[in-house]
Amino acid sequence: MTNDRPVRVRFAPSPTGMLHIGGARTALFNWAFARSNGGKFILRIEDTDTERNSDESLQSILESMKWLGLDWDEGPQAEGDFGPYYQSQRVDMYQAAIEKGMGEGWLYRCFATADELESQREEARSNKVNWQHDARWRELSANESQAKADAGDAFVIRFRVPVGECVVIKDHIRGEVKFASDEVEDWVAVRSNGMPTYNFVCAIDDSEMQISHVIRGEEHLVNTPKQVMLCQALDMPVPDFAHVPLILGSDGKKLSKRTGDTALGDYIKSGHPDDALFNFLCLLGFAIDDKTTVFSRDELLQNFELKKISKGGALFDTDKLNWICGEYIRNTSVDDLCTAVAPFMVAAGYQLAPELLAKLVTALQPRANLYSHFSEQAAGLVSEVTYDEKAKKELSKEGVLQYLELVAAQLQDGEWPPTDFFDLVKQIASDNEVGVGKVMKPLRCALTGALGGPELADVLNILGREQSISRLAKAGQLV
RNA sequence: GGCCCCAUCGUCUAGUCUGGCCUAGGACACCAGGUUUUCAUCCUGGCAACAGGGGUUCGAAUCCCCUUGGGGUCACCA
């Protein structure tokens with residue numbers, strides 16, 4: 001079943017938008033397959049849709065790939081022997097194939113207009129009949145066809161699908177998948193504007209670039225017989241395939257904007273650690289074994305196999321993504337976290353000295369799942385304090401003022417940061433014959449404005465002596 | 001609707017190819033305890049699945065068939 005060609009795989013996005021989360025996973029599987037087999041990973045840009053291409057999209061796709069750590073051996077910004085890697089620059093090759101096909105008769109001109117076809121389809125729909133392509137032009141003689149073309153009649157070029165054949169696709173995830181050629185229409189290979197279509201160029205490029213395994217989304221499975229038949233017509237090698245299951249939204253349908261962010265860039269912006277997202281994407285339709293959930297890139301490469309990819313679609317579970325992001329954050333050194341978090345602090349408008357950032361990161365590390373959580377939770381600590389309703393209520397309880405004053409008095413002198421802060425609070429509590437919480441809670445509210453948050457000792461350390469004392473005083477006035 | 005793909009806890013999955021080690025394992029979520037000044041982290045425990053029906057077999061989550069369910073696709077998009 002496996003072909004014995006050197007492993008060459010490709011990811012082939014079209015620059016018509018941001019990198020989709022499903023595309024990112026497909027790219028990741030391609031990358032993993034190449035890297036775990038000593039093969040090459042090629043990035044090819046499918047820019048045949050001149051109407052919708054944009055350089056902005058291309059740049060953002062390249063950036064997203066790099067962010068995920070998916071480096072490519074050949075493609076844009078990388079030399080290779082099989083270029084160019086932009087389809088728009090490969091038209092000469094396609095032209096040669098078109099001429100060959102016209103000469104050998106497996107391509108033919110179809111003079112039906114788009115409007116004609118659309119109304120035929122409409123009619124088929126309303127009659128609840130299966131649409132079949134308009135075969136009127138299939139048997140037109142070469143001379144007549146040429147004459148009409150010379151007369152200036154508009155046409156597309158279709159692929160003449162052989163009758164009565166069975167196309168077998170070798171798929172490393174699904175086994176052999178069979179299609180009857182009679183179920184495949186005479187698809188459009190060249191548009192009326194002369195630009196070849198996806199199925200045409202994709203198959204030719206995969207062959208020309210000596211792609212050994214085409215790993216792509218399951219939505220392409222039905223295109224595969226078209227591409228295989230084209231390779232056969234051109235007498236070019238047919239790659240092996242691996243059609244990976246779709247990523248589904250919470251509605252169970254193909255992931256779309258309706259059910260959450262679909263672009264990788266959105267997840268970058270919202271502060272997801274790259275390694276965590278990488279790990280999570282792998283988990284959607286793949287497992288190393290029956291136990292391992294969190295793993296590194298190296299562990300993946302040591303264990304990656306196409307046949308381990310599952311066949312069914314996977315729902316995108318943001319709960320699990322959140323959890324795994326937290327796992328990574330908790331396992332990252334404070335130094336590295338500071339580097340990762342710094343841009344988010346700047347974006348939130350905080351200019352923090354490195355020592356202060358480190359203190360903050362240390363205190364917040366156990367309760368953050370995203371880099372952006374650090375800047376969000378830093379709010380009351382490095383900027384003006386605001387008291388939420390619960391905090392105000394807590395501060396209004398009886399006896400609070402004296403506790404705040406007692407603590408403030410203790411903080412006035414002595415070591416900073418206080419090494420025995422907790423003991424100090426316990427002492428005050430027992431002196432007043434109340435539980436520790438009676439003192440701790442209002443103290444926390446006075447210092448942070450909220451009932452929850454990091455260790456108070458950390459909070460003091462972040463705030464500094466002066467700020468701590470002034471907050472106690474300020475809260476005291478509220479009481 | 002035609003064609004194609006798929007089907008194990010609510011979710012992601014291990015086990016399926018190569019039937020018996022499966023009383024079906026892990027993780028997320030959820031619930032309950034514990035640690036903790038709070039929240040979080042952390043620890044312990046719990047809940048929870050082989051879609052249904054027929055075969056084959058000494059034995060089926062695993063092989064075969066049917067049904068049901070879900071998804072993809074049916075463009076001069078990719």
Side-chain angles (χ1 to χ4, degrees), chain A residues 12-14 16 46-49 51-52 110 112-114 117-118 121 124-125 128-133 154-158 169 171 173-175 177-180 182-185 187-199 201-202 216-225 243 245-246 248 250 252-254 280 283-294 307-308 310-324 326 330 364-369 377 394 421-422 425-426 429 435-441 443-445 448 450-457:
Chain A
S14 70
T16 53
E46 309 229 321
D47 53 354
T48 57
D49 185 355
E51 309 269 307
R52 296 194 296 166
C110 169
T113 66
L117 295 175
E118 186 45 47
R121 268 192 284 267
R125 262 195 294 272
K128 294 190 174 168
V129 176
N130 276 321
W131 154 254
Q132 290 193 313
H133 80 278
F155 61 87
V156 298
I157 294 179
R158 289 182 185 272
I169 286 146
D171 190 293
I173 297 173
R174 282 152 222 286
V177 183
K178 297 180 176 134
F179 292 87
D182 297 0
E183 297 289 343
V184 181
E185 62 157 9
W187 47 281
V188 174
V190 184
R191 300 178 177 92
S192 53
N193 67 5
M195 184 64 83
T197 60
Y198 162 75
N199 281 305
V201 300
C202 175
R216 66 190 356 171
E218 191 185 353
E219 72 267 30
H220 288 291
L221 188 50
V222 290
N223 283 320
T224 311
H243 287 94
L246 264 18
L248 311 173
S250 47
K253 306 226 162 111
K254 198 155 81 158
F280 176 71
L283 254 24
L284 254 28
F286 177 85
I288 283 184
D289 55 32
D290 60 337
K291 296 263 157 57
T292 315
T293 307
V294 179
K307 67 174 184 186
K308 281 188 180 172
S310 44
K311 299 180 178 123
L315 260 58
F316 191 89
D317 180 1
T318 42
D319 275 336
K320 193 155 189 174
L321 172 59
N322 251 323
W323 168 80
I324 209 164
R330 264 160 253 127
L364 263 20
Q365 187 173 21
R367 70 205 72 232
N369 290 327
Q377 292 176 27
E394 182 64 34
F421 177 69
F422 186 38
V425 175
K426 275 203 286 200
V436 178
K438 286 279 185 209
V439 184
M440 272 297 186
K441 273 184 167 181
L443 194 52
R444 165 175 299 284
C445 291
T448 68
L451 228 42
E455 301 260 348
L456 271 191

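Reminder, nothing fancy here: chain letters follow the sequence lines and each chain counts from 1.
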Give the rounded distance in Å between these two atoms: [atom1] of [X] and [atom2] of [N].
X: A:Lys311; N: B:U13; atom1: NZ; atom2: C1'; result: 14 Å
X: A:Asn193; N: B:A75; atom1: CG; atom2: P; result: 18 Å
X: A:Glu118; N: B:C74; atom1: CD; atom2: P; result: 13 Å
X: A:Ile173; N: B:U16; atom1: CD1; atom2: C1'; result: 16 Å
X: A:Lys308; N: B:U16; atom1: NZ; atom2: P; result: 12 Å
X: A:Asn223; N: B:A78; atom1: CG; atom2: P; result: 11 Å
X: A:Phe422; N: B:U37; atom1: CZ; atom2: P; result: 4 Å
X: A:Lys426; N: B:U36; atom1: NZ; atom2: C1'; result: 12 Å

Nearest-Å distance once atom [atom1] is located in both [N] and [M]:
N: B:C43; M: B:C17; atom1: P; answer: 36 Å
N: B:G2; M: B:C9; atom1: C1'; answer: 35 Å
N: B:U18; M: B:A61; atom1: C1'; answer: 16 Å
N: B:A51; M: B:G20; atom1: C1'; answer: 24 Å
N: B:C66; M: B:C5; atom1: P; answer: 13 Å
N: B:C63; M: B:C21; atom1: P; answer: 15 Å
N: B:U73; M: B:G54; atom1: C1'; answer: 32 Å
N: B:C64; M: B:U16; atom1: P; answer: 14 Å

>> Checking A:Trp323 against A:Phe280 for the side-chain contact (heavy atoms from CB on, under 4.5 Å) test, could you report, in this order, the C-alpha distance in whole Å, the side-chain angles of both residues, the deciding distance, and whether it holds?
In response: CA-CA 10 Å; A:Trp323 168 80; A:Phe280 176 71; over 6 Å; no
Per [X] side chain, nearest of listed nucleotides [options]:
X: A:Arg330; options: B:C42, B:C76, B:A40; result: B:C42
X: A:Leu117; options: B:G72, B:C76, B:C5; result: B:C76
X: A:Leu246; options: B:A78, B:C4, B:G71; result: B:G71
X: A:Arg158; options: B:C4, B:A78, B:C76; result: B:C76
X: A:Arg367; options: B:U37, B:A78, B:C39; result: B:C39

Check [X] against [Y] and note the closest heavy-atom contact, atom names and distance.
X: A:Ala429; Y: A:Gly435; result: CB-O, 3.9 Å
X: A:Leu284; Y: A:Leu315; result: CD1-O, 4.0 Å
X: A:Leu443; Y: A:Phe421; result: CD2-CZ, 3.6 Å
X: A:His243; Y: A:Ile173; result: O-CD1, 3.5 Å
X: A:Arg216; Y: A:Cys202; result: NH2-SG, 3.8 Å

Between the side chain of [X] and the main-chain N/O of [Y], is any donor-acceptor distance below 3.5 Å?
X: A:Asn223; Y: A:Asn199; answer: no
X: A:Thr197; Y: A:Val188; answer: yes
X: A:Arg330; Y: A:Asn369; answer: no

Under 4.0 Å, heavy atoms only, any strand: does [X] hit a base, just the sugar-phosphate, or nothing?
X: A:Leu451; result: base
X: A:Gly285; result: sugar-phosphate
X: A:Arg444; result: base
X: A:His243; result: nothing
X: A:Val188; result: sugar-phosphate
X: A:Val439; result: nothing
X: A:Leu456; result: base
X: A:Ala114; result: base
X: A:Glu455; result: base
X: A:Phe280; result: nothing
X: A:Ser192; result: base
X: A:Ser310; result: sugar-phosphate
X: A:Gly453; result: base
X: A:Pro454; result: base

> Between A:Tyr198 and A:His220, is any pair of side-chain heavy atoms under 4.5 Å apart?
Replying inline: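 Sidechains of A:His220 and A:Tyr198: in contact.
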List, with names and distances, any nitrogen or oxygen atoms from the protein found under 3.5 Å away from nitrogen or oxygen atoms belonging to nucleotides 25-33 of chain B.
from	atom 1	to	atom 2	distance (Å)
B:G25	N2	A:Asp290	O	3.1
B:G26	O2'	A:Lys291	O	3.3
B:A27	N3	A:Lys320	NZ	3.1
B:C28	O2'	A:Lys320	N	3.3

Distance below 4.0 Å between [X] side-chain N/O and [N] OP1 or OP2:
X: A:Arg121; N: B:C76; result: yes
X: A:Lys253; N: B:G71; result: yes
X: A:Lys254; N: B:U73; result: yes

>> Looking at B:A7, which nucleotide sits across from it as a Watson-Crick or G-U wobble partner, both distances under 3.5 angstrom, or is there none?
In response: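 Pairing partner: B:U68.
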>> Suppose we define a pair by two distances each less than 3.5 Å, Watson-Crick or G-U wobble; what does B:G2 pair with here?
In response: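 Partner of B:G2: B:U73.
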>> Using a strict threshold of under 4.0 Å (side-chain N to carboxylate O), is an ion pair present between A:Arg125 and A:Glu118?
In response: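 Yes, this pair counts.
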>> Nearest heavy atom decides the nucleotide; on that basis, is A:Glu183 or A:Ala314 closer to the 5' end of RNA chain B?
In response: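 The residue mapped nearer the 5' terminus is A:Glu183.
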> 5'-most contact on RNA chain B: A:Ala180 or A:Phe316, nearest heavy atom basis?
Replying inline: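 This one resolves to A:Ala180.
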